[in-house]
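Here the structure comes first, spelled out in structure tokens, and everything after it is commentary.
For the numbers below, each heavy atom of this structure counts, side chains included, while hydrogens, waters and symmetry mates do not.
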Amino acid sequence: MGILEKISEIEREIARTQKNKATEYHLGLLKAKLAKYRAQLLEPSKSAANKGEGFDVMKSGDARVALIGFPSVGKSTFLSLMTSTASEAASYEFTTLTCIPGVIEYKGANIQLLDLPGIIEGAAQGKGRGRQVIAVARTSDVVIMMLDATKGEVQRSLLEKELESVGIRLNKDKPNIYFKPKKGGGISFNSTVPLTQCSEKLVQLILHEYKMFNAEVLFREDCSPDDFIDVIVGNRVYMPCLYVYNKIDQISMEEVDRLARQPNSVVISCGMKLNLDYLLEMLWEYLALTCIYTKKRGERPDFADAIILRKGASVEHVCHRIHRTLASQFKYALVWGTSTKYSPQRVGLTHNMEHEDVIQVVKK
């Protein structure tokens, strides 16, 4: 029996098992087995003779955004509208066969946008070059899931299922579980909150399935068995996702209003160029980027060339971005902006910068 058959058999078993107190251990074990087989499926086979052409695109710019969706939902049209890159768009499926990169220039930042080939059902098992598409999505900072507004919620649930099965968790935080395998001493289990979904026995069963008999486990929040399996496996990617419903000019106003009110969702029309500016604003918010401007002594700030960093970046990060030796020669910095109590404020290396702050670095 191949891995795919084993996976489908376990999925059928989970579907027909009732969820209650008596079956939770059995379900936990099945989920652990399922995660194990899926991990084996993702590992490239040892006997792969010739490697297929990958979608390896050089990471450039300040952030990377991947466009994922079924064929013919408007990904290439969106790329051509947003960037200066022209991606071939036609009314038949699979027009795009490889990864096409483009660059969005917004608020002084260069955001790399990747137009990926359409995903089909079963992409996680390698159908239709699905594995390469998903591998590129794992390396991006934000996923834009392009959906056809006329198809309703079907596409969204199918794509979420595909990404979930390869270890991409959308709009979720990493489970707050401390887990450390040890050489001996058995399994020590503790929790700082009352647990309603997991118990010590279930945790031991899941660990035994992974052939782990000595470990330290501490639950700092009420997590499900799935979250605990994610922590054990350790190769999960947690990333923000923006659900973009295209072709809203083909549906009723009530339906547009309903889709727009859903969490993490934006409605657009590439054909009629509707709502694209709001999508860019949302994308900027999800990327959590900040612009920092520099200033020389006795001169006006340079607002033409901003330093783009992640939210929560400190003065030290700014110094490293300007020059790698600057942090070692740093004496103090003067900062103007919302991160200070008064302007200018004299700060050290650990001061956290905010959006559109101005900084002047003084060396020793």
Side-chain angles (χ1 to χ4, degrees), residues 58-66 82-83 103-113 139-144 169-178 192-193 220-221 237-242 263-264 266 276-364:
M58 183 85 171
K59 206 168 185 174
S60 69
D62 302 297
R64 190 178 212 182
V65 177
M82 289 298 198
T83 67
V103 176
I104 303 173
E105 288 173 12
Y106 186 68
K107 290 189 182 177
N110 290 333
I111 301 165
Q112 187 184 36
L113 187 66
T139 63
S140 56
D141 300 304
V142 168
V143 168
I144 288 184
R169 303 285 176 261
L170 302 175
N171 297 326
K172 271 188 192 172
D173 290 328
K174 207 171 178 180
N176 196 352
I177 300 172
Y178 171 76
T192 56
V193 289
R220 294 198 183 98
E221 62 180 12
V237 181
Y238 297 86
M239 58 170 64
C241 172
L242 205 51
N264 313 309
V266 179
L276 296 174
D277 48 351
Y278 177 66
L279 173 56
L280 271 180
E281 276 176 43
M282 286 289 283
L283 187 59
W284 179 264
E285 211 175 288
Y286 273 63
L287 285 167
L289 298 174
T290 52
C291 296
I292 292 160
Y293 302 105
T294 53
K295 177 189 179 304
K296 289 181 182 172
R297 189 182 287 178
E299 292 181 24
R300 294 184 71 79
D302 179 15
F303 289 120
D305 190 19
I307 294 172
I308 309 292
L309 293 165
R310 289 293 148 109
K311 215 168 252 180
S314 64
V315 174
E316 191 172 0
H317 292 112
V318 179
C319 292
H320 283 306
R321 183 58 75 88
I322 297 168
H323 196 272
R324 59 171 190 238
T325 60
L326 188 58
S328 56
Q329 301 168 351
F330 178 88
K331 190 177 180 186
Y332 65 90
L334 295 172
V335 175
W336 292 257
T338 52
S339 68
T340 58
K341 287 177 184 161
Y342 46 87
S343 293
Q345 184 176 327
R346 185 172 162 162
V347 298
L349 280 172
T350 54
H351 175 78
N352 281 350
M353 305 292 286
E354 283 181 13
H355 187 48
E356 292 185 338
D357 279 1
V358 175
I359 187 169
Q360 176 189 323
V361 178
V362 179
K363 296 202 290 186
K364 285 174 188 167

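Smallest separation of non-hydrogen atoms from Leu309 and Arg321: CD2-NH2, 3.8 Å. Residues Ser140 and Arg64 share a closest heavy-atom pair of CB-O, 3.5 Å. Shown here for Leu289 and Asp62, the closest heavy-atom pair between the two residues is CD2-O, 4.4 Å. Nearest heavy atoms, Tyr293 versus Asp305: CD2-O, 4.5 Å. In terms of heavy-atom proximity, Val266 sits nearest to Met282 at CG2-CG, 4.0 Å.
Side-chain contact between Val65 and Leu287: present, with at least one pair of heavy atoms (C-beta onward) separated by less than 4.5 Å. Side-chain atoms of Arg220 and Ile177, non-hydrogen and from C-beta on, never get closer than 4.5 Å to each other. Within the 4.5 Å cutoff, the side chain of Leu242 has heavy atoms near those of the Leu279 side chain. Looking at heavy atoms from C-beta onward, Tyr286 lies out of side-chain contact with Asp141 at the 4.5 angstrom threshold. Considering only heavy atoms from C-beta on, Arg297 comes within 4.5 Å of Val362 through its side chain.
One finds the OH atom of Tyr278 at 12.0 Å from the CG atom of Leu283 (value rounded to the nearest 0.5 Å). With rounding to the nearest 0.5 Å, the separation of OH in Tyr342 from CD in Gln345 is 4.5 Å. Ile322 CD1 to Ile307 CD1: the interatomic distance, rounded to the nearest 0.5 Å, is 4.0 Å. We find the CE-CG distance between Met239 and Leu170 to be 8.0 Å, quoted to the nearest 0.5 Å.
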Output a table of donor-acceptor pairs, distance under 3.5 Å, between side-chain atoms of residues 313-320 and any protein atom two or more places apart or on a different chain; print 'none' if there are none.
| residue | atom | partner | partner atom | Å |
| --- | --- | --- | --- | --- |
| Ser314 | OG | Glu316 | N | 3.4 |
| Ser314 | OG | His317 | ND1 | 3.2 |
| His317 | ND1 | Ser314 | N | 2.9 |

Show me the donor-acceptor pairs, under 3.5 Å and distance only, between side chains in residues 324-332 and residues at least two apart or in other chains.
| residue | atom | partner | partner atom | Å |
| --- | --- | --- | --- | --- |
| Thr325 | OG1 | His323 | ND1 | 2.8 |
| Ser328 | OG | Thr325 | O | 2.7 |
| Gln329 | OE1 | Lys363 | NZ | 3.4 |

Under 3.5 Å, which donor-acceptor pairs link side chains of residues 347-356 to any protein atom two or more places apart or in another chain?
| residue | atom | partner | partner atom | Å |
| --- | --- | --- | --- | --- |
| His351 | NE2 | Ser339 | OG | 3.0 |
| Glu354 | OE1 | Thr338 | OG1 | 2.9 |
| His355 | ND1 | Cys291 | N | 3.1 |

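In the displayed structure, Tyr238 atom OH is contacted under 6.0 Å by more than 12 heavy atoms of other residues, nucleotides or ligands. Remark: Asp277 CG is packed, more than 12 non-hydrogen atoms of other residues, nucleotides or ligands lying under 6.0 Å away.
Counting only distance, with no hydrogens or angles, the side chain of Gln360 and the backbone of Leu334 share no donor-acceptor pair below 3.5 Å. Proximity of a side-chain donor or acceptor of Asn171 to a complementary backbone N or O of Cys241 within less than 3.5 Å is detected.
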*Intermediate values then yes/no, side-chain contact (heavy atoms from CB on, under 4.5 Å), Val237 and Arg169*: CA-CA 6 Å; Val237 181; Arg169 303 285 176 261; over 6 Å; no
